[in-house]
Number of protein chains: 2
Amino acid sequence: MTSASTSRPAQPKTRLSRDIVLAKALELVDAESLEALTMRRLGQELGRDPMSLYRYAENRAALLDGVAELVLEELSIQADDPDWKAQLSLFAHDLRRLALQHPNVVPLLVTRPLSTPLGMRPLGTLRPLEQILSLLVGAGFGPAEALHVYRAYYGYLYGHILNELQEYVVDPEENEVLLRLGLHRLPAKEFPRLRALAPALAEYDGAAELDQGLGILLSGLETQLSRQAAGPAA
Amino acid sequence: MTSASTSRPAQPKTRLSRDIVLAKALELVDAESLEALTMRRLGQELGRDPMSLYRYAENRAALLDGVAELVLEELSIQADDPDWKAQLSLFAHDLRRLALQHPNVVPLLVTRPLSTPLGMRPLGTLRPLEQILSLLVGAGFGPAEALHVYRAYYGYLYGHILNELQEYVVDPEENEVLLRLGLHRLPAKEFPRLRALAPALAEYDGAAELDQGLGILLSGLETQLSRQAAGPAA
DNA sequence: AGGTAAAGTCTACATCGTAGACATGCCAAG
DNA sequence: CTTGGCATGTCTACGATGTAGACTTTACCT
């Protein structure tokens, strides 16, 4: 063997760039896990010294932010569609698909913002927010109402994704078996409902569930807001 | 100074126990952060060798799970209340209060389950699920319907909490200023809506928002499910 | 050809989780 | 009271991690 052993997927020529680094980082996270994304490991994966990464991200936390931003950039929203509910539904399914495609990144999407005040987040992270606000205002909502709708919408959306990922088990064959096995550990006296629901847990249709919840929430919000706008107290 | 320098809050006598360890761990997480909770630091805080902790938790991850479980144990639900919507609303506000009280623990509550198949989670984590299912079945839902309602409910609830914590800024005085300052960084062309909403962002009433969203979602689910149960296709 | 700034590397250090051998304390059985 | 034995706590040590700072190499513009 001249230079490659088992996995050395990087030719030692090409110049590095932020995009290349982040792409490889995402690849690594998808293939293994968040903890597997260490500076040394990523450096090795790129055929470069780990320290070279610091030219493209201030530190590891920033690198993680970069990965999250990269994923979110795959999303786009048609901000001028007058049918806001359809557009929000579309966007929701896009995000859901993304989450299922990059499950290991979801913890980042969900927790990184908690340690970063809103105004300081990477722009890519804030863009969806701005676009959705724009969509809602364009559809006739007042700015404050739009914020209101956005919050309920995003809240439910993120919650649903977390829910679905929690119930998602990798191996589709042994799914039921594993599930029952896991549940079997639970004391029967204390967890009768949960144990009885094992089969129902196995046949979970995430997309349908998302649709239903969103539909209810959004049309509910719509009627409530329009009623409020019609006759509020002065 | 005889033995204490700045902070040595542990008398070297008392026997350790899992509860003591977890309580101190939670205290530390609340006072500082998740990353501050290292084995060495916690050992020092307890006046014991770091390695002694391994008698009470297999490893650091298990310790984190323990902290999450400890927090969730503060919750309780009245599973025999026939007014399920009121009970769910109560529980929701309990959880919200808990999240605001222990914001640093929320990432744990949200992400730890992602790496643990449902059946393998600490029992304390699963108890709310079981109790809510019980509540719903007791109120007349079929088991599958109950699961359905639970998912939408918990999804929205967790989403709302994440949302609220994201917009929560610590210093209540400089709140507006900081917020505006943060937002001021955003390019005006690209983020007009967001920048204009700075004042609205500042006066966020989490409890009210939670109530409204939950109310809409739950009553929507109720009517939809009852309609479904009345006349479904065979 | 030369010079300058960027890109990449090397070395070193503090800190982390934790394995494994060891010391110490406590309680029950003799 | 003595003597086990087992649970509890400690010590030492190792490999891995993030990253600072000084250095070398490379690429490009004049």
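Numbers restart at 1 for each chain; the letters A, B, ... are given by sequence-line order, proteins then strands. Values below: all heavy atoms of this structure, side chains included; hydrogens, waters and symmetry mates excluded.
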Can you name the side chain to side chain donor-acceptor pair (under 3.5 Å) partners of [X], sequence neighbours left out?
X      : value
A:D30  : A:H102
B:E74  : none
A:E190 : B:R127
B:N163 : none

OP1 or OP2 of C:dG8 under 4.0 Å from side-chain N/O of A:Y56: yes
Take atom [atom1] of [X] and atom [atom2] of [N], then tell me their distance rounded to the nearest Å.
X     : N      : atom1 : atom2 : answer
A:L28 : D:dT17 : CG    : P     : 11 Å
B:L46 : D:dG9  : CG    : P     : 10 Å
B:Q44 : D:dG9  : CD    : P     : 17 Å
A:L42 : D:dT19 : CG    : P     : 13 Å
B:Y54 : C:dG20 : OH    : C1'   : 13 Å
B:L63 : C:dT18 : CG    : P     : 10 Å

Salt bridge (Lys or Arg N to Asp or Glu O under 4.0 Å) contacts in which one or both residues fall within residues 146-156 of chain B, not counting sequence neighbours: A:E167-B:R151, A:E209-B:R151
Report, one pair per line, the protein and nucleotides 9-16 of chain C atoms (nitrogen or oxygen only) whose separation is under 3.5 Å.
unit_1: C:dT9; atom_1: OP2; unit_2: A:D49; atom_2: N; d: 2.6

Backbone of A:L34 reached by a side-chain donor or acceptor of A:N104 within 3.5 Å: no
